[in-house]
Every structure is written in structure tokens, then in C-alpha cells.
Amino acid sequence: MKIKILYFARLKETLKFSTEDLELQDDEFARTLTILKLKAYLAKRNDTWQQMLMGKLKVRGAINHELVDDNATIADGDEVAFFPPVTGG
Amino acid sequence: MKIKILYFARLKETLKFSTEDLELQDDEFARTLTILKLKAYLAKRNDTWQQMLMGKLKVRGAINHELVDDNATIADGDEVAFFPPVTGG
Amino acid sequence: MTVRVQTEDFDTGFEINQLRNARKDTGAVVSFIGQVRDLNDGDTVSQLTLEHYQGMTEKALEAIVNQAQSRWDIFDAVVIHRVGTLQPTDQIVLVAVSSAHRGEAFKACEFIMDYLKTEAPFWKKEVTNQGERWIEAKLTDDNARERWHEN
Amino acid sequence: MTVRVQTEDFDTGFEINQLRNARKDTGAVVSFIGQVRDLNDGDTVSQLTLEHYQGMTEKALEAIVNQAQSRWDIFDAVVIHRVGTLQPTDQIVLVAVSSAHRGEAFKACEFIMDYLKTEAPFWKKEVTNQGERWIEAKLTDDNARERWHEN
């Protein structure tokens, strides 16, 4: 299973990542992958990732350009994005 | 007692008056003159005046450029105006 | 505050930019433009004439803007209303309001329009395919104004 | 519907006139302009940078305008949002809505702004006399959007 992940604003700046391609083994974990599970998975990378994705900061997720909540399911080939609450206008 | 009266829109058009100076004897009637009393007084001129000022048409009054209701008192030297409900904007 | 009653057309972009640039802490400008429709009550309109009560009109508009300024935290407001003879798509009225944040500007702009519609001494007469007629005041306009008493 | 995300400035007067003249039965155009303030949370702002999620932004804005069109009887809407680096008094966003009558245009315009503020993927970073900082989302913006669920 292959997904693309994008990071924006404070997340991009602190994680020093704007985009990455992630390949996951096609197992139970991948087949039931949600936004929350993916956050927890990425948070294991190190303290900074833990803090940014599972800390106090509110992180919103999008799948294929649609805002989704933590329980939304991620499928093979999806474009996932993580960002802080939006502040345009 | 001398007042100035202005007429607008449908009133002006039907009464064929845009403005007039009215002189009233300085008696009890004049001293207690209200918008409603003035309407009734003018309405006696003929059927058209009766119809326009005391008929079905809603007539609004202003004294010295301020919208007022029927009970507002008119004083010597006042500028009184009669017109239909406004329709600008 | 700017209040003008005029026969000439106005330049909306210019007026809005004046408001925008007057203060560097301006964050929001809300504007309303009303224009002549080619259709009213199902009939085709070819011309609209606006009459007003010279001497009272500006005072009434200023009183409305003052009320808006006392109710909401706005910076400035522009009201321009045309009189005379107009054609469909001609501009009739511009109301523009500036403020720090959008909520206040939206409310004040709509408030000014709702009051203008019911308290400023303008009257419209239209030429339609059915002939000439005075436009009647609308109950919906009275209701729109009444809303502002509730809160 | 017009939705644009761009670094260049826009001409409000031009955009509003396009909307005005598109249909002869247009009676009302309501517009909102948001601009960079020189002051935020008590600090002097010298610069603002807007980041966005290219690919999602236009779709999110179009979805918001579609929602407005399904809720209110409006004719057309324009949304232009700038990205990149801006200075105080620079324009950030224009939302303009046309309709037959003013009530619908006011509601749709404010609705679009409230949803844009909470659902369109833009992020602001400002340079102030206290240094650089990301602007935090405001609870008042969430509340502004929530209002629209009630009626």
C-alpha cells in the first residue's frame, strides 16, 4: 500500500517535510488505516513528530482534498494531508 | 400661524401641489395642531384631497425633516411634509 | 462618514478603495450595491425615476449611519444614493462599511440598507410594458427593519 | 461561479461590475473584502504570508459556493483569494454575490466568508515587532460558522 502525505504551515515547518511517499506492508494495519492510526504511526518517528501529531496542537486531516475526521479510512493511492486549523480570509 | 407644506411622489402628482404656504388663525385649532388634524383639515378641500390624505393610502408625515407619527404637534414656522411610504434603495 | 445624494453615477471600486486605505487597521470592507432590474412584479421595466425630499434625505441617511456607528464597532461608512431617471442595470445605491473584523461590517451594512429602505425619503416610479406606476412599499422591507429591534 | 487563488492583486470594482452586468434582473450585489491589518493581537504587523494547499483550495472554495447556491436564491458568486507575501492594507480576499434581492445576497456572502475562514486550506504567518508567528485559528470563526446550522 502506497500513500502520499502532505504537511502544511506549522507542521511542514517543524517537521521539515512538505511531502513524502509512504509505503506500507499490505497487512491488517494497512487495510484498516485511519487518519488517527496514521498519525500515531508517524508520531513514533521521534519526539518532534509525537509532539506535532499527537500533542496539544490540533491537527486536521484531509484525504484526496476533502476535510475528514480522525476516523476516516485511508485507501491505497490516497493523498493524505495534515495541517493546523485553517486561518485564511 | 404660518407653516410650509410639501407633498411628494403619488401625493404631489395627484394633488398637483408640490409645496404650499398655509396661514392659520392663531386659535385653539392652530395651537393644538397635529399631523392628523392637519390631514383632516386639508382633506376638506375636495374629494381628491379626502381620498389622498384620509383614504386607504398610507400617508407618512415629517416635521422639519424628521419622520413623525400622526400625533406629532406642529408649531408656527414648521416645515411639514406628506408622502407615501418610502421606496428607495 | 460620507453621505451623498446625486444624479451622477458612482465608482464603486474607487469608493471601496478610499475606505480600505483610510486606516491601516482596517480588516474588512462590506459593500452593497442596488441596481435597477429589468423586471419587477413580473413586468418588464424600461425606466425608473427616483424622487427624493431634498433637505431631509441627507439628514435621514446621516441619522441612519450614526445609529449603525453607535451599535457596532465600525470605522467608517459611505452611502451614495442616486436620484433622477435611470435605466435597467444602472446603479441606484452604494453602502460600504469598514471595520477591523467582518462581523461588525456585515451587520452595519445590512442595517443601513434595511433602514434606508424604510426611513430615507426616496420614491420610485417605473415605466413598464403595463405603463407608468409608483412602486409600493414592501411589507418585507418593514419586516427586515423590525429584525434589528430584537437584539 | 468564479473561484481564483492567485498571488496578484485584484480589481474589486471590475469584479463587481462584471457581476452587476451579467444579468439585467440583478438587483443586488453584496461584497466582502478582507485586507491585511497593521495590528494583530496588540502587535504591529509588517508582513503577512499566506500558504495554501494547491489542488484542494479551489475545490474547497467551489464546494462552499455550491452550498451557498443551494441554500439561497443567488445568481452568481466570485471568490478571489491571494496567497504569498503581503503588506498591511493589501487585499487578501474578495467575495461578491449577486441576486435579485438584497437579503439573499447578504446571507450568501457572509456564509461563504464564514465557511472559507474555517474550511478552506489557507494558513497565515505574520511578521510582527515580536517576531514571526503563525496565526492561530479563532474560536469566534468556528462560532460564526456554527450559526448557519441553526436555521
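Convention: sequence-line order gives letters A, B, ...; per-chain numbering from 1.
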**Request:** Under the side-chain hydrogen bond (donor to acceptor under 3.5 Å, both in side chains) rule, what do D/Gln91 and D/Thr12 come out as? Steps first, then yes or no, please.
**Result:** CA-CA 10 Å; D/Gln91 302 187 107; D/Thr12 302; 3.1 Å; yes
**Message:** Does the plane of the ring in D/Phe106 sit parallel, tilted or perpendicular to the ring in C/Phe32? Use 30° and 60° as the thresholds.
**Reply:** parallel
**Prompt:** Is any side-chain heavy atom of C/Val93 less than 4.5 Å from a side-chain heavy atom of C/Leu116?
**Reply:** yes
**Request:** Report the option among D/Gly13, D/Ala28, D/Pro88, D/Gly103 that has the most heavy-atom pairs separated by less than 4.5 Å from atoms of chain C.
**Result:** D/Ala28
**Asked** So which of C/Asp114, C/Thr140, C/Asp11, C/Val36 has the biggest tally of heavy-atom pairs under 4.5 Å with chain D?
**Response** C/Asp114
**Asked** With only heavy atoms counted, which part of C/Asn40 is less than 4.5 Å from chain D, the side chain, the backbone, both or neither?
**Response** neither
**Item:** Under 4.5 Å from a heavy atom of chain D, the part of C/Ala100 involved
**Value:** both
**Message:** Can you classify the ring geometry of D/His81 versus D/Phe122 as parallel (below 30°), tilted (30 to 60°) or perpendicular (above 60°)?
**Reply:** parallel
**Sidechain-backbone polar pair: D/Thr26 side chain, D/Ala22 backbone, donor-acceptor under 3.5 Å** = no
**Message:** Determine whether the aromatic ring centres of residues C/Phe111 and C/Trp72 are separated by less than 6.0 angstrom.
**Reply:** yes
**Asked** Side chain, backbone, both or neither: which part of C/Val95 has an atom under 4.5 Å from a heavy atom of chain D?
**Response** neither
**Message:** If I measure from the heavy atoms of chain D, does C/Lys138 come under 4.5 Å with its side chain, its backbone, both, or neither?
**Reply:** side chain
**Greatest number of heavy atom pairs closer than 4.5 Å to chain D - which of C/Arg23, C/Met113, C/Glu15** = C/Met113
**Item:** Part of C/Ile33 lying under 4.5 Å from any heavy atom of chain D
**Value:** both
**Asked** Do C/Ser31 and D/Ser31 get their side chains close enough for a donor-acceptor pair, meaning under 3.5 Å?
**Response** yes
**Request:** Would you mind telling me which of C/His101, C/Lys24, C/Arg102 has the largest number of heavy-atom pairs within less than 4.5 Å of chain D?
**Result:** C/Arg102
**Asked** Quick one: what part of D/Ala144 sits under 4.5 Å from any heavy atom of chain C, side chain, backbone, both or neither?
**Response** side chain
